[in-house]
Each structure stands twice: as structure tokens, then as C-alpha cells.
J.: 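Pasting in a structure now, in C-alpha cells, and then I'll have a few things to ask.
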2 protein chains.
Amino acid sequence: MTQTDAPEPPRLLPPQLRRAWGMPQQPGKRGRRPSLELETIVAQAAGLADTGGMASVSLVRLADALNVTTNALYRYVDSREELDVLLREYALADPPLTATTDDWRAATREWAGALRERYLRHPWLADLTLTVPITPNALGWLEALLAALESSPLPAPDILRAATLLDGYVRFQFITQRDLGAWTEHPLSDRDVVEQVAPLIDARGYRRVAALFGAGQYQEPTIATHDADFEYGLERILRGIAG
Amino acid sequence: MTQTDAPEPPRLLPPQLRRAWGMPQQPGKRGRRPSLELETIVAQAAGLADTGGMASVSLVRLADALNVTTNALYRYVDSREELDVLLREYALADPPLTATTDDWRAATREWAGALRERYLRHPWLADLTLTVPITPNALGWLEALLAALESSPLPAPDILRAATLLDGYVRFQFITQRDLGAWTEHPLSDRDVVEQVAPLIDARGYRRVAALFGAGQYQEPTIATHDADFEYGLERILRGIAG
DNA sequence: ACCTGAACACCGTTCAAGT
DNA sequence: ACCTGAACACCGTTCAAGT
């Protein structure tokens, strides 16, 4: 007896995606009612991350903050990995509305600025493993960017590449600034260290790097320079795209 | 009694940097001779990472592979964090020689290609936390890029920003391709899933994303398209920089 | 069906020995 | 000075209960 005439049960999305897409897990089953909502769990996790960074988010601490046992969380989430996916979705909630302007540069700049704000608000967003957008909010951001680029001179096959370039730029630019900032606050950035390293740099013959060190370009970035640096790279990319 | 007339002992670099710069730790002290070399430890760690990814590198497994106790490693390395710094240096060993050409675009392309090869050879390089270059090999790469950009039309204050842009581009471009590739091999990329997600995308009104899905642009990137995608973004950046 | 208690196989790190 | 043994405070995850 073959299986062919038994109608294929509609294959479900993997649970990870199902949850991210907000689909009910086991609709209408009965028994003890859950004491938590998935949303409050994710919100709590985001709160922990906002306060102490991604390093302070663990299932143990999360459960603790929710007054539950660690294991109880596995009723709501399949794994730590899925929690991360949901955290990403949380930070990307309410993607910007599709722009209606004809000025694709302005629309793209607006998009990039909005995404950058998400990173600034939830710096841990940069710590989540980059994944191909397949979840609703991530796709919402992609949709908005595609809309912005629609009036650009780009040929169709280049639009996704340009979108990837822009999305990646916002991300890595934020990371660079964040880590550079962390370094500046770090004891290692003491003038002392720079003075210690300088002769080593000279010894290696890195004269261009030495010049940068000498010019103090490695020190004390301010918010103003942060914004200017962000704009700089974005502008170059826009010009490059415009061809 | 003040401390002022006691000559300040020459402040040493933090041990982390000292080791990365190859300076002897406690020169000439005597006692039991070390059974390991720092270099073999780092090489072994890199080997583990090459084989099983960054996730398979732990002090426990590393010590095991070296036939030592975990704690013994602390004679050579201050912390796991320092091991990561040294791993980065390992992957960036022998930075490219400073280019002598006048063609800054060609030189920059060459630089970017060389860095990309490092990522391809040691994919875990992308998993290490990005830090401000203060170690010899990282600075060597920066020096080479600054040299390449020297004949460009960039004003001096923009050179470091352009360098950051290029360095970041190679990194995030690699990450994007790697993760997209991992996703394509992943069961989630089944045609089934795409078919499952498609109606959800429609329901959200993401018509541009839906078009991409329909066109199959989300599927099966090849090495050829990888190279082409890399070139695409690099070319845009170069054009943007050239102004 | 939910939640707990107990347990497992891992982490990185520290301390008090031994040689 | 090096290395070991033992211990600590953490991880994520699984299983067998209890209600």
C-alpha cells in the first residue's frame, strides 16, 4: 500500500518560523493554561539585553526575571537560537512604511537612518548572527528598501545586491563605531598605550599608520563625528550605486 | 613623601598586547621550562576552528588537543579573550606588501581580494569580535590599504573613513554570503518553505519581496555569483570614493 | 498542557597544592 | 615557573515526575 492517495498533510513551517510569523502553535488544545505569553518573554529578554548587553541574556537569567524555572521556557521557545531570532524580530518591529517619494536617494537615506536608529536603541542587535531575512519584520525592512530603490536607475538584477550592500553598511558601520567607542573608554586607549605602541609601529615600518596615530585620528570620536562618518560612507555608496 | 622623584617604571603594555606584539613575558626568569610554545597553542586553536568552526574552540578542547590540562593554558594566555585576539592575528599573518603602483583602484581591489581570501580560508575570522586594530598584523593590513589609497583623490581626513568602509565591506560581504550559503544548505531553504512563506508575504503586502521570491533570487547562489556580488559592491564603493 | 526538580555535558576561571 | 587536581559559578538542554 502506497502513501500516494493519502492526501499530503499541509507541511507546516518549521516551528521557529511559525512562531516568528505569529502562528498559533497548537491551536485550541486544552489542559493547563500557560502562565506566560511569548511576547512578554521576548520583551523581557530584550530588556535584559538593553540593560546588560547580549552577554547578560541567558535562559537562566531570563527565567529568573520571569519567576519561572529555566525549563519552563522550553514550552515557549524551542531553543536559545529561536530566542535570538525572536529578539531580532523584536528590535526590527514596525518596519518603516514604504516610501512614496520619487527621490530614491532621500528615501534610501531615510531608510538607512531609521535602521541605524534601531541599532543605536538596541545595540545588541549587532550581536545577533546575521541571517537571511525570512521573518516578517526583517522582510518588512527589505520591502521598504526595495521600495526606496525602485525609482533608482538600477537594473533589476542589481537591486537586491544594492539592498544587501546598504543593509550591510548600516550594520558594520554601527559595529565599527561601537567597538571603537568601547575601545576609547577602555584603559587600553590610555595615551600611555598609544605612546607604547608608537615605537613598535615605527619598528615595523608602518609609516602611514604611524602618521594616523600621530595625528590623533585614533582618539576620542564624538557623536558628531559618528554621524559624519556614517553619512560619509552612505554618501559614497549612493554615488557608487547611481553609477 | 611623594612618589614624584621615584622614576616611573616604564609602563608596560597590557599583557594581551605584549603577547600579540611578540614581546617576551618574563625575559630570562628561571625555573621549570614551559612544555608548550604560544605559537603552537594558537596554531592548534586555529586548526580546531578550521575544522569545526569557532564553536568548537574551547579552552577545554584546546588543552585536550595539546595533551595538557585546561588550567595549564593560563600560563600562556590571560583569558579566552586574549586567545581570540591571537587567533585574529594568526589569520591575518603576513599582511600584503605595500603596493607600489599608481593605480589606486587596482591596488585597492587587490587588497580587498587578499583580505577576502583570508576570510574564505578561515571563515571563523568573521566570528571574532571586531576590534580596533592595535595589533601588528591588523595594523599591517591597514598600512597596506592606506598605501593603496595614497594615490587616490581622497583628501587626507577621508582616507581613514574610506579605509574603514572598505575593510568593513569585505567583512560583512563575506558574512552575508556565508550565512546565505548556510541557509541554502539548510532544510529551511526547501522549496517547501519558500512556498509556505510566499502567501504570508503576500498577506503582509510585501509585493516587492514577493517578486524576488517569485524570481528565485533567493535560491542557490553559486561561487560565480559570489564573486560577482563581491565585485559589484566593491566597484560601487570605488566609484563612490572616486567622487 | 504546563511547570518543577534533578541531572547531564559543557563552559571559563581561580586556588592550593605538587615538582 | 610550570602543571595538576579540585572546585566554583555559570551555560543550554533533556527527562521524569507532579498538577
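As the structure is a computational prediction, the values presented were derived from the model and not from experiment. Quick note on labels: first sequence line is chain A, next is B, and so on, each numbered from 1. Keep in mind that the numbers below use all heavy atoms, side chains included, and drop hydrogens, waters and symmetry copies.
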J.: Please give, in whole Å, the distance from dC3(D) P to L73(B) CG?
T.: 9 Å
J.: Strictly below 4.0 Å: does Y76(A) bring a side-chain N or O up to OP1 or OP2 of dC3(C)?
T.: yes
J.: Return the value, rounded to whole Å, for the distance between atom CZ of R80(B) and atom C1' of dT14(C).
T.: 18 Å
J.: Validate the cation-pi geometry between R116(B) and F230(B): distance from NZ or CZ to the six-membered ring centre under 6.0 Å, angle to the ring axis within 45°.
T.: yes
J.: Taking all heavy atoms of A112(A) and all of L234(A), pick out the closest pair and write down the distance.
T.: CB-CD2, 3.9 Å
J.: Enumerate, in order of first residue number, the stems that involve DNA chain D, defined as 3 or more consecutive Watson-Crick or G-U wobble pairs with both distances under 3.5 Å.
T.: C:4-8 with D:12-16, C:12-16 with D:4-8
J.: Of the non-hydrogen atoms in A20(B) and L86(B), which two are nearest, and what is the gap between them?
T.: CA-CD2, 3.8 Å
J.: Would you mind reading off the distance between R75(B) atom CZ and dC15(C) atom P, rounded to a whole angstrom?
T.: 12 Å
J.: Can you list everything that forms a salt bridge (Lys or Arg N to Asp or Glu O under 4.0 Å) with R80(A)? Sequence neighbours excluded, please.
T.: D84(A)
J.: Considering every strand and a 4.0 Å limit on heavy-atom distances, what is the contact class for S79(B): base, sugar-phosphate, or nothing?
T.: sugar-phosphate
J.: Roughly, in whole Å, what's the span from CZ in R32(A) to P in dC2(C)?
T.: 9 Å
J.: Just how far is it from atom CG of L139(A) to atom OH of Y206(B), taken to the nearest 0.5 Å?
T.: 7.0 Å
J.: If I compare all heavy atoms of A49(B) with all of M54(B), which pair ends up nearest, and what's the gap?
T.: CB-SD, 4.3 Å
J.: Given atom CG of N71(B) and atom P of dG18(C), what is their separation to the nearest angstrom?
T.: 16 Å
J.: Are the charged groups of D50(B) and R121(B) less than 4.0 angstrom apart, N to O?
T.: no
J.: To the nearest Å, how far apart are Y74(B) OH and dC8(D) P?
T.: 17 Å
J.: Parallel, tilted or perpendicular: which describes the rings of H122(A) and W124(A), with under 30° parallel and over 60° perpendicular?
T.: tilted
J.: Where along residues 52-66 of chain B does a heavy atom fall under 4.0 Å from DNA chain C?
T.: S58(B), L59(B), V60(B), R61(B)
J.: Kindly assign one of parallel, tilted or perpendicular to the pair W111(B) and W141(B), based on the angle between their ring planes and the thresholds 30° and 60°.
T.: perpendicular
J.: If I take atom CD1 in residue I41(A) and atom P in nucleotide dC2(C), what distance separates them, rounded to the nearest angstrom?
T.: 11 Å
J.: From CD of E81(A) over to C1' of dT13(D), roughly how many Å is that when rounded to an integer?
T.: 13 Å
